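Written below as structure tokens is the structure these notes are about.
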Amino acid sequence: MPKPNKGPRLGGGPAHERLLLGNLAAQLFTHKRIQTTETKAKRLQPVAERLITHAKKGDLHARRRVFQVITDRGVVHELFTEIAPLVAERPGGYTRIIKTGYRKGDNAPMAVIELVLEPVQFKNKAAAPAAEEAPAAEEAPVVDEAAETADVEVTDADEAAVEAAEAEADSAEASDADVAEDAAADADAKDEETK
């Protein structure tokens with residue numbers, strides 16, 4: 001059996017709630033972010049997202065559907081001309097709710113509801129490994145071109161410095177290998193002593 005999940009209505013009755021949510025949506029579209037109670041923010045979110053979806057369609061019928069909820073022509077114009085193009089690529093999730101604490105007077109939980117107007121960045125699982133390989137391939141020629149255009153003459157002193165650095169690296173690797181062999185030999189000796 002279906003159970004109601006809305007709870008009590010905001011305001012006094014259904015008409016009051018509809019007007020209240022319409023006014024909250026108008027303020028959200030005007031200011032891009034509003035602070036209200038957590039309950040009102042959660043009830044406003046689906047209404048605002050539905051209105052933005054209508055605005056993305058952009059036709060006359062969608063505009064008239066939005067006018068049924070928001071009666072302010074300036075807000076509807078802003079929704080269709082400014083907000084809808086910013087979220088055109090976003091497939092949903094046009095708003096976010098951030099809990100901000102409790103109101104001082106009556107300790108009501110407060111929240112900020114805001115429009116998500118940042119550009120969306122899709123994550124492609126198949127294209128991600130290819131994208132990581134492509135920048136590495138692009139960077140190598142850039143480094144080579146920079147070396148060619150620099151026209152720096154390599155002197156004997158520079159070559160000697162490079163060879164000395166390579167020799168130090170080889171000796172460091174050899175000493176690390178010696179340390180590992182010594183540790184293995186010590187472990188073997190301890191094992192023999194315990195037997």
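Quick caveat: nothing in here was measured; it's all calculated off a predicted structure.
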Would you say CZ of Phe67 has more than 12 non-hydrogen atoms from neighbouring residues, nucleotides or ligands within 6.0 angstrom? yes
Which is it for Val116 and Tyr94 under the side-chain contact (heavy atoms from CB on, under 4.5 Å) test, yes or no, and what are the steps along the way? CA-CA 5 Å; Val116 180; Tyr94 311 115; 5.8 Å; no
Are Phe29 and Val76 side-chain neighbours, meaning at least one heavy-atom pair lies under 4.5 Å? no
Looking at residues at least two apart in the chain, or sitting in another chain, which of them share a side chain to side chain donor-acceptor pair (under 3.5 Å) with Asp106? Arg103
Does atom CZ of Arg18 have more than 12 heavy-atom neighbours from other groups under 6.0 Å away? no
Decide whether Leu79 and Leu19 are clustered together by the hydrophobic rule: side chain heavy atoms of Ile, Leu, Val, Met, Phe, Trp, Tyr closer than 4.5 Å, transitively. no
Thr95 meets the side chain to side chain donor-acceptor pair (under 3.5 Å) criterion, sequence neighbours left out, with Gln45, Glu49
For Arg96, salt bridge (Lys or Arg N to Asp or Glu O under 4.0 Å) partners two or more places apart: Glu114, Glu118
Tell me which pairs pass salt bridge (charged side-chain N to carboxylate O under 4.0 Å, His left out) where either residue lies in residues 54-71, with sequence neighbours left out. none
Closest approach of Ala111 to Glu38 (non-hydrogen atoms, all atoms of both residues): CB-CA, 4.0 Å
Under a 3.5 Å distance rule, please check whether His16 uses its side chain to pair with a backbone N or O of Gly12 as donor and acceptor. yes
OG1 of Thr39 to CG of Leu10: how many Å apart, nearest 0.5 Å? 7.0 Å
If you measure from CD1 on Ile34 to CG on Leu24, what distance do you get to the nearest 0.5 Å? 5.0 Å
When rounded to the nearest 0.5 angstrom, what is the spacing between CG in Asn23 and CD1 in Ile70? 9.0 Å
Applying salt bridge (charged side-chain N to carboxylate O under 4.0 Å, His left out) as the test, list every pair that has at least one member in residues 69-80; sequence neighbours left out. Lys32-Glu78
Val66 and Phe80, any side-chain heavy atoms less than 4.5 Å apart: yes
Heavy atoms, side chains only, cut-off 4.5 Å: are Leu115 and Ile52 in contact? yes
Value rounded to 0.5 Å, distance of CG in Leu44 from CG in Leu21: 6.5 Å
Begin from the C-alpha positions of Arg43 and Glu17 and carry the test side-chain contact (heavy atoms from CB on, under 4.5 Å) through to its verdict. CA-CA 10 Å; Arg43 295 287 273 285; Glu17 179 180 15; 2.4 Å; yes
Within the structure provided, determine whether Thr53 and Arg50 are in side-chain contact (heavy-atom separation under 4.5 Å). no
What heavy-atom pair brings Ala48 and Leu28 nearest, and what distance separates the two atoms? CB-CD2, 3.9 Å
Closest non-hydrogen atom pair, Leu51 against Ala25: CD1-CB, 4.0 Å
Note, Lys99 side chain near Pro109 side chain (heavy atom, < 4.5 Å): no
Do Leu117 and Ile97 belong together in a cluster built from hydrophobic side chains that touch within less than 4.5 Å? yes
Report the residues that fulfil side-chain contact (heavy atoms from CB on, under 4.5 Å) with Thr100, sequence neighbours left out, ordered by chain and then residue number. Gln35, Met110, Val112
